[in-house]
Amino acid sequence: MKKEMNNKEIGYRIMSTRLDHGYSRECLSELAGISAGFLYEIERGLKGFSACSLMHLAEVLEVSADYIMTGCKSKDIESSITKTLEKFDSSTLEMIEQLLNLTYEIVQKSEK
(Lines give C-alpha, C1' and ligand atoms only; values in the text may rest on other atoms or scores of the structure.)
Protein backbone atom coordinates (compact mmCIF):
# COMPACT_ATOMS: atom_id res chain seq x y z
CA MET A 1 0.00 0.00 0.00
CA LYS A 2 1.42 3.36 -1.06
CA LYS A 3 1.47 6.00 1.64
CA GLU A 4 0.83 9.57 0.55
CA MET A 5 3.33 12.16 1.68
CA ASN A 6 1.96 15.19 3.46
CA ASN A 7 4.24 18.20 4.01
CA LYS A 8 2.56 19.12 7.30
CA GLU A 9 3.00 15.60 8.70
CA ILE A 10 6.60 15.46 7.45
CA GLY A 11 7.31 18.81 9.06
CA TYR A 12 5.72 17.71 12.31
CA ARG A 13 7.87 14.54 12.41
CA ILE A 14 11.00 16.62 11.88
CA MET A 15 10.01 19.13 14.56
CA SER A 16 8.99 16.43 17.03
CA THR A 17 12.21 14.48 16.51
CA ARG A 18 14.24 17.69 16.79
CA LEU A 19 12.61 18.47 20.13
CA ASP A 20 13.11 14.87 21.33
CA HIS A 21 16.84 15.37 20.70
CA GLY A 22 16.79 18.70 22.55
CA TYR A 23 17.89 20.67 19.47
CA SER A 24 16.84 24.22 18.86
CA ARG A 25 15.78 25.03 15.32
CA GLU A 26 19.00 26.99 14.89
CA CYS A 27 21.13 24.08 16.11
CA LEU A 28 19.48 21.51 13.83
CA SER A 29 19.61 23.81 10.83
CA GLU A 30 23.33 24.38 11.36
CA LEU A 31 24.05 20.66 11.80
CA ALA A 32 21.97 19.80 8.69
CA GLY A 33 23.47 22.58 6.57
CA ILE A 34 20.26 24.50 5.94
CA SER A 35 19.03 27.89 7.15
CA ALA A 36 16.89 28.19 10.27
CA GLY A 37 14.25 30.01 8.20
CA PHE A 38 14.09 27.16 5.70
CA LEU A 39 13.83 24.62 8.53
CA TYR A 40 10.94 26.65 9.98
CA GLU A 41 9.14 26.49 6.63
CA ILE A 42 9.77 22.73 6.39
CA GLU A 43 8.49 22.13 9.93
CA ARG A 44 5.34 24.13 9.19
CA GLY A 45 4.71 22.16 5.99
CA LEU A 46 5.11 25.26 3.85
CA LYS A 47 8.00 23.97 1.74
CA GLY A 48 9.39 20.71 0.49
CA PHE A 49 13.10 19.92 0.41
CA SER A 50 15.72 18.10 -1.61
CA ALA A 51 16.87 14.53 -1.16
CA CYS A 52 20.20 15.94 0.02
CA SER A 53 18.50 17.96 2.78
CA LEU A 54 16.43 14.90 3.70
CA MET A 55 19.55 12.79 4.11
CA HIS A 56 21.28 15.45 6.23
CA LEU A 57 18.23 15.86 8.48
CA ALA A 58 17.81 12.09 8.87
CA GLU A 59 21.48 11.65 9.74
CA VAL A 60 21.52 14.42 12.33
CA LEU A 61 18.21 13.30 13.85
CA GLU A 62 19.34 9.64 13.84
CA VAL A 63 16.23 8.41 12.03
CA SER A 64 15.69 6.91 8.61
CA ALA A 65 14.69 9.06 5.66
CA ASP A 66 11.72 6.70 5.35
CA TYR A 67 10.58 7.66 8.85
CA ILE A 68 10.74 11.37 8.02
CA MET A 69 8.80 10.93 4.79
CA THR A 70 6.23 8.30 5.76
CA GLY A 71 6.28 7.95 9.52
CA CYS A 72 7.23 4.26 9.33
CA LYS A 73 9.26 3.51 12.43
CA SER A 74 11.13 0.54 11.03
CA LYS A 75 14.49 0.41 12.73
CA ASP A 76 17.44 1.26 10.55
CA ILE A 77 19.10 -2.10 11.05
CA GLU A 78 22.12 -1.36 8.87
CA SER A 79 22.97 1.70 10.91
CA SER A 80 22.54 -0.23 14.14
CA ILE A 81 24.76 -3.07 12.93
CA THR A 82 27.39 -0.64 11.68
CA LYS A 83 27.51 1.16 15.03
CA THR A 84 27.96 -2.16 16.82
CA LEU A 85 30.68 -3.36 14.44
CA GLU A 86 32.62 -0.11 14.85
CA LYS A 87 33.28 -1.14 18.45
CA PHE A 88 35.50 -4.07 17.40
CA ASP A 89 39.12 -4.14 16.23
CA SER A 90 39.97 -5.46 12.74
CA SER A 91 41.06 -8.95 13.83
CA THR A 92 37.81 -9.46 15.70
CA LEU A 93 35.86 -8.16 12.70
CA GLU A 94 37.33 -10.93 10.55
CA MET A 95 36.00 -13.54 12.99
CA ILE A 96 32.61 -11.82 13.08
CA GLU A 97 32.45 -11.89 9.29
CA GLN A 98 33.19 -15.62 9.32
CA LEU A 99 30.48 -16.19 11.93
CA LEU A 100 27.97 -14.19 9.90
CA ASN A 101 28.77 -16.15 6.76
CA LEU A 102 28.33 -19.44 8.63
CA THR A 103 25.08 -18.19 10.13
CA TYR A 104 23.83 -17.21 6.69
CA GLU A 105 24.66 -20.65 5.30
CA ILE A 106 22.85 -22.37 8.19
CA VAL A 107 19.76 -20.21 7.71
CA GLN A 108 19.75 -20.85 3.97
CA LYS A 109 19.95 -24.62 4.51
CA SER A 110 17.21 -24.59 7.13
CA GLU A 111 14.86 -22.67 4.81
CA LYS A 112 15.09 -25.33 2.08
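Values in this document were obtained by computation on a predicted structure and should not be read as measured data.
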Could you measure the distance from the [atom1] atom of [X] to the [atom2] atom of [Y]? Nearest 0.5 Å is fine.
X: Leu28; Y: Ile14; atom1: CG; atom2: CD1; result: 8.0 Å
X: Leu57; Y: Thr17; atom1: CG; atom2: OG1; result: 10.0 Å
X: Ser35; Y: Leu39; atom1: OG; atom2: CG; result: 8.0 Å
X: Met55; Y: Ser64; atom1: CE; atom2: OG; result: 9.0 Å
X: Ile106; Y: Asn101; atom1: CD1; atom2: CG; result: 11.0 Å

Exercise for the section: Keeping to residues at least two apart or across chains, list the side-chain hydrogen bond (donor to acceptor under 3.5 Å, both in side chains) pairs with something in residues 24-34. Expected result: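 Those involving residues 24-34 are Arg25-Glu43.
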Partner residues of [X] under the side chain to side chain donor-acceptor pair (under 3.5 Å) criterion, sequence neighbours left out:
X: Thr92; result: Asp89
X: Thr103; result: none
X: Arg44; result: none

Practice task
Kindly write out the residues that satisfy side chain to side chain contact (heavy atoms under 4.5 Å, CB included) with Ser50, not counting sequence neighbours, or none if the list is empty.
Solution key: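 Partners of Ser50 under the side chain to side chain contact (heavy atoms under 4.5 Å, CB included) test: Cys52, Ser53.
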Practice task
Report the residues that fulfil side chain to side chain contact (heavy atoms under 4.5 Å, CB included) with Gln98, sequence neighbours left out, ordered by chain and then residue number.
Solution key: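 For Gln98, no residue satisfies side chain to side chain contact (heavy atoms under 4.5 Å, CB included) once neighbours in sequence are set aside.
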Problem - Qualifying salt bridge (charged side-chain N to carboxylate O under 4.0 Å, His left out) pairs, either residue in residues 46-62, two or more places apart - result: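 Every salt bridge (charged side-chain N to carboxylate O under 4.0 Å, His left out) pair that includes a residue of residues 46-62, provided the two are not neighbours, is Glu41-Lys47.
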How close do [X] and [Y] get, heavy atom to heavy atom, and via which atoms?
X: Gly48; Y: Asn7; value: N-ND2, 4.2 Å
X: Leu93; Y: Leu85; value: CD2-O, 3.5 Å
X: Leu31; Y: Val60; value: O-CG2, 3.6 Å

Practice task
Could you tell me whether the side chain of Ile10 reaches within less than 4.5 Å of the side chain of Met69, counting heavy atoms only?
Solution key: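 Met69 reaches Ile10 side chain to side chain.
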Problem - Minimum side-chain heavy-atom gap Asp20-Leu61 below 4.5 Å - result: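 Of all side-chain heavy-atom pairs linking Leu61 with Asp20, none is under 4.5 Å.
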Handout entry: Connected-component partners of Leu19 among ILVMFWY, side-chain separation under 4.5 Å
Key =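 Reading the cluster by chain and number, Leu19 sits alongside Tyr12, Met15.
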Practice task
Give me the other members of the hydrophobic cluster that Met95 sits in, counting Ile, Leu, Val, Met, Phe, Trp and Tyr linked by side-chain heavy atoms under 4.5 Å, directly or via other members.
Solution key: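 So far as hydrophobic clustering goes, Met95 is joined with none.
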Handout entry: Within residues 20-52 or reaching into it, pairs that qualify as ring-ring contact (aromatic ring centres under 6.0 Å, His included) - sequence neighbours excluded
Key =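 Residue pairs with at least one partner in residues 20-52: His21-Tyr23.
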